[in-house]
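Along the sequence shown, residues are numbered consecutively beginning with 1.
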Amino acid sequence: MNRHRTALSVLLAAGALVAGALTAATPSIAADAPASFRQQHTHGFWTAERMRGATPLDVTAVPGVARTPVATSAAPTTIAPTAAAPTAFPQAGGAWTGGGAVVKTSGRVFFTMGDRTASCSGDSVTSANGSTVITAGHCVKYQGAWHTNWVFVPAYNNGSAPYGQWSATKTFATDQWAASEDMNMDVGLAVVAPLNGQTLSQAVGAQGIAFNGGYNKKMYSFGFPAAAPYDGTKLVYCSGNSGKDFLLTKDHSLGCNMTGGSSGGPWFQDFNEATGLGTQVSVNSFGYTFLPNRMYGPYFGNEAKAAYDKAQTS
């Protein structure tokens, strides 16, 4: 049976990483499931120790789950970035040492999933409210349940939060992910509360974002992989010429060895290594178990734009 896994791993109560993947049954979620969730938080929950100990969730998607065709013929929509040493291209995975805006706009995402703590990656994107983070759909909701205690830590550094912890007031997903966890639509967003009198984009800047931009682009992918050989302490990147998934989805495809924890990290086209600014067109979503060292990310079409518009005007 063909299967693919998201870039997450499981944290058991004892703190052990599950070695095998969990099989996801076909979701029994109502077609009109709400595509947003109002967050609640336990004050002081995310200590440095908890952040260091949070590990992602390994899951598999089962062929046969309804997948919505992705329309790629719509007119491109691009939102310009908000401002806040060259490196090798292509790159299959390595620590980002180039500096620039991406160091501040990228960060780790932490949340609770039942009685477990877990992590993903995310990115601050330009928005009307100046407070929008984009990530993967499974980083806000999985198997019918919305994650809680959701925070974004830009420029995360081994347990420290140099720009603070930004608590989500509301999390969002594409309608298709909310309804059936369609892997084509694995896009999630969060609106975060102001911190110290500033919005997120005022504090760390925000990247541009584009929709319906097409395939086969020169791409840069970023994230905070936490599974071996990585440990979640560093911003890691991959770069190369992207392709298109020819197996189970209509996703972008990129040579990349990032592991669990990188889910939700941004993919950029038109990325400038000197400034660290680019145009975000996808997020880290999953990898096939039988195709190692390759990452896949959803196509940002009309569905992703609709979710982004809901979030940025919330």
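- Under the 3.5 Å distance criterion, the side-chain polar atoms of Thr135 are left unmatched by any main-chain donor or acceptor of Gly122.
- Aromatic rings of Tyr308 and Phe211 (six-membered ring for Trp) have centroids within the 6.0 Å cut-off, being under it.
- By the side-chain hydrogen bond (donor to acceptor under 3.5 Å, both in side chains) test, Asp245 pairs with Thr249, Tyr288, sequence neighbours left out.
- Take Ser106 and apply the side-chain hydrogen bond (donor to acceptor under 3.5 Å, both in side chains) test, not counting sequence neighbours, and it matches no residue.
- Ser242 contributes atom OG, which lies 11.5 Å from atom CG of Asp251 (distance to the nearest 0.5 angstrom).
- Note that CZ of Phe110 and OG1 of Thr117 are 9.0 Å apart. Values are rounded to the nearest 0.5 Å.
- Atom CE of Met258 is separated from atom OG of Ser221 by 3.5 Å, given to the nearest 0.5 angstrom.
- With 3.5 Å as the limit, one finds a donor-acceptor pair spanning the side chains of Thr148 and Thr112.
- Residues forming a ring pair (Phe, Tyr, Trp, His ring centres under 6.0 Å) with Phe271 (at least two apart in sequence, or on another chain): Trp96, Tyr220, Phe222, Phe268.
- The minimum heavy-atom distance between Tyr163 and Pro154, with the atom names listed, is CB-CG, 3.9 Å.
- Donor-acceptor pairing under 3.5 Å is recorded for the side chains of His138 and Ser263.
- Note that the CG atom of Leu235 and the OG atom of Ser262 stand 11.0 Å from one another [nearest 0.5 Å].
- Proximity of Gln280 to Ile134: side-chain heavy atoms (C-beta onward) are separated by under 4.5 Å at one or more points.
- Side chain of Tyr299 to backbone of Gly214: a donor-acceptor contact under 3.5 angstrom is found.
- Considering only heavy atoms from C-beta on, Phe89 comes within 4.5 Å of Lys218 through its side chain.
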Ser127 vs Asn129, side chain to side chain donor-acceptor pair (under 3.5 Å): CA-CA, chis, key distance, verdict: CA-CA 5 Å; Ser127 60; Asn129 56 26; 2.9 Å; yes

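- Asn241 meets the side-chain hydrogen bond (donor to acceptor under 3.5 Å, both in side chains) test with no other residue; sequence neighbours excluded.
- In plain terms, the two heavy atoms of Ser314 and Lys170 that are nearest each other are OG-CD, 4.1 Å.
- The closest donor-acceptor contact from the side chain of Trp177 to the backbone of Gly137 lies under 3.5 Å.
- A distance-only check finds no donor-acceptor pair linking the side chain of Ser121 to the backbone of Gly265 [under 3.5 Å].
- Side-chain atoms of Glu303 never come within 3.5 Å of backbone atoms of Asp175 as a donor-acceptor pair (strictly under, hydrogens ignored).
- When every heavy atom of Ala128 is checked against every heavy atom of Gln312, the shortest pair comes out as N-OE1, 2.9 Å.
- Applying the side-chain hydrogen bond (donor to acceptor under 3.5 Å, both in side chains) test to Gln91 and every residue at least two apart in sequence or in another chain returns nothing.
- Looking at every heavy atom in both residues, Ala311 comes nearest to Val191 through O-CG2, 3.1 Å.
- Looking only at distances, no side-chain donor or acceptor of Arg108 sits under 3.5 Å from a matching main-chain atom of Phe224.
- The two atoms that bring Gln143 and Glu181 nearest to each other are N-OE2, 2.5 Å, heavy atoms only.
- For the pair Thr171 (side chain) and Ala190 (backbone), a donor-acceptor distance under 3.5 Å is absent.
- In terms of modelled atom types and a separation under 3.5 Å, the side chain of Lys141 and the main chain of Ala178 share a donor-acceptor contact.
- The OH atom of Tyr215 lies 11.0 Å from the OG atom of Ser253; values are rounded to the nearest 0.5 Å.
- Taking all atoms of both residues into account, the shortest heavy-atom contact from Asn284 to Met295 is OD1-CG, 3.6 Å.
- Looking at Asp270, its side chain never comes within 3.5 Å of a backbone N or O of Thr279 through a donor-acceptor pair.
- By the 4.5 Å heavy-atom criterion applied to side chains, Val281 and Met219 are counted as neighbours.
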For Phe111 and Tyr142, what are the C-alpha separation, side-chain angles and deciding distance, and is it a ring pair (Phe, Tyr, Trp, His ring centres under 6.0 Å)? CA-CA 12 Å; Phe111 51 87; Tyr142 178 61; 9.9 Å; no

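- Using a 4.5 Å heavy-atom cutoff, the side chains of Leu277 and Gln207 are in contact.
- No side-chain heavy atom of Asn196 sits under 4.5 Å from any side-chain heavy atom of Gln198.
- Side-chain contact between Val133 and Trp150 is present, with at least one heavy-atom pair separated by less than 4.5 Å.
- Remark: side-chain polar atoms of Thr199 are not paired, donor with acceptor, to backbone N or O of Ser131 under 3.5 angstrom.
- Within the 4.5 Å cutoff, no side-chain heavy atoms of Lys305 are placed close to those of Asn302.
- Judged by a 6.0 Å distance limit and a 45° cone about the ring axis, Lys310 is not positioned over the six-membered ring of Phe172.
- Applying the disulfide bond (SG atoms under 2.5 Å apart) rule to pairs touching residues 177-285 yields Cys238-Cys256, sequence neighbours excluded.
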Could you walk me through whether Asp182 and Ser180 pass the side chain to side chain donor-acceptor pair (under 3.5 Å) test, one step at a time? CA-CA 5 Å; Asp182 182 343; Ser180 64; 5.1 Å; no

